[in-house]
Amino acid sequence: MRICFILNPTSGTDRSQNVPALIAEHAAAAGAEFDIMPTQYAGHAEQLAREAAAAGCRVVVAVGGDGTVNEVARGLLGTGAALGIVPRGSGNGLARHLHVPLGLPAAVQRACHPDFQRIDAGRINGHWFFCTAGLGFDAHVSKMFAQAGTRGLSTYVKVALREYRRYQPTAVQVELENQALLDTHCYVLAFANAAQYGNNAYIAPRANIQDGLLDLCLIDALPIWRAVRVGVGLALGTLPTSGGAQFHRSRHIRVRAAAPLGFHVDGDYVADAPNLRWN
Ligand SMILES: Nc1ncnc2c1ncn2[C@@H]1O[C@H](COP(=O)(O)OP(=O)(O)OP(=O)(O)O)[C@@H](O)[C@H]1O
């Protein structure tokens, strides 16, 4: 079985290791036939993944964080090749959800001897996601984070605290299957295919990646007392019971807003769009 590792050299914050050499060492030790292809620009991993699948690779491994996983997985949709992950990002939400080992040697070993399982894919306005997507404050923070110049959890937390004081939520209507229309303020509207954003921040601890449904976490306002409670709930995985957030589950979700809203897809800010549909 031939395996292709697609490596984003810009993922994560640790530049101290020679990652291609380490992958080669551990893949060879696992007895795999393999290729290692570094990306050259944002978006390149999707094309490389599609080409690897067309060339007969049965497993195509994203070496990076959730953004790289998203691109590789997008490229594999409809090809029959399986996605593997060697987590090298700063959040690694999908890898953590799927219990992929976070250490490189064990992750490479697992990619070379895979257990296959099916996972759901979500879509927002035509953009695929595999872990989480959302709009509101977290989308706004992902936009500002991308402009911050540095990456990593501490930068993310700094940006989130700074933007917390500035962010104004928008009024939206949310339409779910078989439920009354919700008129709400979109402070956070998170669409979870997997349970966490990354870094073990559990936005939807009960999300099941194989149930064909999205878990919607809705927070309509975030005064400081609730922000603290939500922060604790994210860290402990208790958001559904600790108060401050509503949860729903649906296959399709439609969101209407008077003004265009930005959204994020697996942590990367995409675009502003007036009317969004999730499925
Ligand atoms: N060669 C490259 N040069 C610049 N950007 C790249 C390159 N290859 C991929 N990218 C972009 O880098 C972005 C960030 O990568 P990724 O999400 O893997 O790392 P991360 O942000 O550190 O991890 P996480 O999303 O888990 O926090 C991706 O959205 C991808 O489009």
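One-based numbering, in listed order, for ligands and for the atoms of each. In this text the structure is predicted, and so the values were computed from the model without any measurement.
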Flag the pair Y269 / F145 as yes when their ring centroid distance falls below 6.0 Å, and as no otherwise. no
Could you pull out the N/O contacts under 3.5 angstrom between ligand 1 and the surrounding protein atoms?
residue  : atom   : partner : partner atom : Å
ligand 1 : 1 (N)  : T39     : O            : 3.2
ligand 1 : 1 (N)  : T39     : OG1          : 3.2
ligand 1 : 1 (N)  : Y41     : N            : 3.4
ligand 1 : 8 (N)  : N8      : OD1          : 3.2
ligand 1 : 8 (N)  : T39     : OG1          : 2.7
ligand 1 : 10 (N) : N8      : ND2          : 3.4
ligand 1 : 12 (O) : N8      : ND2          : 3.2
ligand 1 : 15 (O) : N8      : ND2          : 3.1
ligand 1 : 17 (O) : G67     : N            : 2.8
ligand 1 : 18 (O) : S11     : OG           : 2.8
ligand 1 : 18 (O) : G65     : N            : 2.7
ligand 1 : 18 (O) : T68     : N            : 3.3
ligand 1 : 18 (O) : T68     : OG1          : 2.5
ligand 1 : 19 (O) : S11     : OG           : 3.4
ligand 1 : 21 (O) : R151    : NE           : 3.2
ligand 1 : 21 (O) : R151    : NH2          : 2.4
ligand 1 : 22 (O) : G12     : N            : 2.8
ligand 1 : 22 (O) : S90     : N            : 3.3
ligand 1 : 22 (O) : S90     : OG           : 2.9
ligand 1 : 23 (O) : S90     : N            : 3.1
ligand 1 : 25 (O) : D66     : N            : 3.2
ligand 1 : 26 (O) : D66     : N            : 3.0
ligand 1 : 26 (O) : G91     : N            : 3.1
ligand 1 : 26 (O) : N92     : N            : 3.0
ligand 1 : 27 (O) : S90     : OG           : 3.1
ligand 1 : 27 (O) : G91     : N            : 3.0
ligand 1 : 29 (O) : D268    : OD2          : 2.5
ligand 1 : 31 (O) : E71     : OE2          : 2.5

Identify the residue among V60, V61, L76, V59 that makes a side-chain contact (heavy atoms from CB on, under 4.5 Å) with L83. L76
Spell out, as yes or no, whether a donor-acceptor pair under 3.5 Å connects the side chain of N199 to the backbone of A201. no
Given salt bridge (charged side-chain N to carboxylate O under 4.0 Å, His left out), test D220 with R226 step by step and report yes or no. CA-CA 11 Å; D220 59 359; R226 194 188 272 181; 3.0 Å; yes
With heavy-atom distances below 4.5 Å as the criterion, would you say the side chains of F34 and H26 are in contact? no
Heavy-atom count check: over 12 atoms from other residues, nucleotides or ligands less than 6.0 Å from Q210 CD?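 More than 12 heavy atoms, drawn from other residues, nucleotides or ligands, come within 6.0 Å of this atom.
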